Amino acid sequence: MDPVRHPASRGRVAVGALALALLLSACHEDTPSPARTWPVRFEPGAGTPRFDRVILVTIDTLRADHVSAYGYFRKTTPFLDRLAERGVLFERAMAAVSHTAPSHATMLTGLTPFEHGVEQNGQSLAPSASDLASLFRGLGYETAAFLNVKFLRGITPSFDEVTAETNSGPLVDAAMKWLRQGRREERFFLWLHLYGPHRWKDTEHVPERSLAALKRDSPLEGPELFERERALHGLPAAGDDGSLALRWAAASESGDRIEVESVRDWLEIIDRYDAHIRHADELVERLHAAVEGLNLPGTTLWIVTSDHGEGLASHGVAGHGSRIYQEQLHVPFLLAASDHSIGPARIRELVAHVDLLPTLAQWMGVRVEGLDPDLHGVSLVPLLEGSREWTPREVFSQRRPVPEDAEHRGKRADEELYALQDGRSKLLLHEPGAEELYDLEADPLESENLAESDPDARIELERRLRARVTVYKARRRGGAPEVPEEWAAELRDLGYVE
Ligand SMILES: [Zn+2]
């Protein structure tokens with residue numbers, strides 16, 4: 001897990017408008033074709049950076065309704081619960097896509113997968129990308145990514161230093177070592193990616209101590225626990241003898257069949273998933289304690305979210321990637337500042353990962369050119385400051401895009417699937433196929449399709465959704481390079497279909 005310093009690393013840049021402008025122009029000189037020019041630019045703005053350090057933690061495959069800060073009835077995240085109590089918790093935050101690398105690339109760029117060009121796991125972000133790492137580098141911040149899977153290296157071209165390590169404990173150790181090496185006087189942007197909850201299908205590597213701690217803190221068990229889980233996941237009732245017939249293999253990411261024949265089998269699966277969440281929570285707490293222990297001057301901003309949720313039998317789906325019901329899109333999203341300058345608050349407005357870049361840009365005093373608030377994200381700073389200027393809007397999401405050359409490469413040309421939601425209604429558009437329309441307030445499990453019974457709402461949402469898809473596709477970068485063999489091998493090991 002040797003850290004890799006990118007060859008393009010330019011060392012530290014003095015903070016200042018001129019340095020930023022020079023760096024930005026240098027970033028874009030290597031894009032000869034207008035078609036390849038990155039669509040977003042950073043410009044010096046007013047004000048100085050609000051935070052001296054920003055730490056982004058992404059816990060892979062974490063559906064919000066399994067986070068205790070989001071009301072889950074098991075104590076999966078005691079540390080995040082405390083962080084949320086003193087910071088800001090967005091109750092309704094949505095991922096752009098239920099697939100790991102494309103979703104993370106959206107967080108880093110503020111663009112949809114069509115536009116940033118990372119449409120599949122293992123693909124790479126263009127070195128010319130105006131992403132969060134390049135934004136912070138432009139301000140003279142050190143940037144480092146600590147990744148729990150190797151294939152995410154592809155979306156870190158702008159980071160000064162990248163470490164990939166498949167064991168999460170040593171990964172956090174590496175992040176802590178990096179923090180202790182000369183970070184006292186430095187400003188930095190650190191991204192920590194934890195993969196644990198993705199591994200719930202693996203019966204061999206369960207974080208047993210975390211599972212024991214979870215059970216110690218969560219009194220629900222047996223039939224009572226099952227009934228709560230059943231309501232959360234929209235499962236059928238169990239038989240009197242504890243039998244349970246779950247049909248949920250159809251849309252599994254890996255195509256694995258998962259047989260569940262009893263309540264006991266089901267609760268073992270939930271135990272594994274929740275134990276991985278609890279373990280991730282412990283690791284975030286360790287990193288937080290390490291940062292606190294350094295007594296760094298100034299202010300640290302913490303951001304915790306996930307790239308997507310997980311099926312876990314909801315809507316008959318085991319994993320993620322191919323479907324975008326709420327259990328796959330609704331993710332935790334927490335912000336907390338070390339000086340307690342934001343929050344405490346729980347915010348109900350609908351927000352999304354595309355908002356992360358505009359929000360951080362505003363806080364860091366950088367102006368962003370090329371993002372359209374009607375198509376992309378908006379800064380959440382007005383919302384956090386209680387401004388009346390906040391306008392509710394719609395959030396777009398999609399399943400992982402179909403590769404442009406899917407047919408050519410002999411792969412299955414999967415259907416396209418898009419979603420548009422406005423906080424009340426959600427439309428799912430299948431191409432080809434029929435639409436689904438849900439009233440998320442009355443029917444949060446998305447069980448009653450209103451597409452036929454409420455045609456006016458369906459037609460209006462569909463019109464706006466199709467207009468967006470047309471624009472995103474017109475801006476498609478495409479032509480992403482092939483996946484390097486090392487990452488392809490890892491993706492096969494992790495059970496992705498390739
Ligand atoms: Zn993921």
Side-chain angles (χ1 to χ4, degrees), residues 56-67 76-77 93-109 112-113 116 118-125 145-156 164-168 171 191-202 205 251-256 272-274 276-277 279-281 283-284 303-312 314 317-333 352-354 356 397-401 417 419 483 487-488 490-498:
L56 168 66
V57 178
T58 59
I59 302 173
D60 213 291
T61 319
L62 179 51
R63 51 188 278 177
D65 60 7
H66 273 251
V67 175
T76 43
T77 56
M94 299 298 145
V97 54
S98 56
H99 200 40
T100 302
S103 179
H104 279 104
T106 289
M107 288 183 223
L108 295 175
T109 63
T112 62
H116 61 57
V118 180
E119 301 190 1
Q120 306 291 324
N121 285 340
Q123 291 181 332
S124 296
L125 197 59
F146 295 87
L147 311 172
N148 222 172
V149 290
K150 291 180 203 159
F151 69 83
L152 282 178
R153 278 185 186 278
I155 64 166
T156 56
E165 161 61 52
T166 51
N167 193 332
S168 56
L171 178 72
W191 169 29
L192 171 67
H193 164 256
L194 297 171
Y195 197 63
H198 198 290
R199 301 184 190 276
W200 62 266
K201 293 176 197 167
D202 181 353
H205 300 97
S252 157
E253 177 100 44
S254 61
D256 295 340
R272 289 204 299 273
Y273 182 63
D274 288 347
H276 278 292
I277 298 170
H279 185 53
D281 185 76
L283 292 171
V284 181
I303 305 164
V304 183
T305 187
S306 176
D307 54 346
H308 50 75
E310 186 74 329
L312 285 169
S314 299
V317 177
H320 55 266
S322 59
R323 291 290 174 267
I324 46 175
Y325 294 108
Q326 294 299 79
E327 63 270 9
Q328 296 199 34
L329 294 181
H330 184 200
V331 289
F333 187 20
H353 279 156
V354 285
L356 193 52
S397 303
Q398 65 181 101
R399 58 156 289 162
R400 58 175 177 246
L417 175 58
V483 178
W487 303 344
E490 182 190 49
L491 288 167
R492 285 193 294 274
D493 288 347
L494 294 171
Y496 292 96
V497 179
E498 273 302 329

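All of these numbers come straight from a predicted model, not from anything done at the bench. In each ligand, atom 1 is the first atom listed, and ligand 1 is the first ligand listed. We number each residue from 1, following the sequence as shown.
- Not a single N/O/S atom of His198, whether from backbone or side chain, sits less than 2.8 Å from the Zn ion (ligand 1).
- Tested against His104 for a ring-ring contact (aromatic ring centres under 6.0 Å, His included), the candidates His116, His99, His193 yield a single pass: His193.
- With values rounded to the nearest 0.5 angstrom, Leu152 atom CG is found 7.0 Å from Thr100 atom OG1.
- Within Asp307, the N/O/S atom positioned nearest the Zn ion (ligand 1) carries the name OD2.
- In this structure, the separation between CG on Leu283 and CG on Asn148 is 8.5 Å, given to the nearest 0.5 Å.
- Taking the N/O/S atoms of Asp60 in turn, the shortest distance to the Zn ion (ligand 1) belongs to OD1.
- Backbone or side-chain N, O or S atoms of Thr100 reach the Zn ion (ligand 1) at under 2.8 Å.
- Rounding to the nearest 0.5 Å places NE2 of His353 at 10.5 Å from CG of Leu108.
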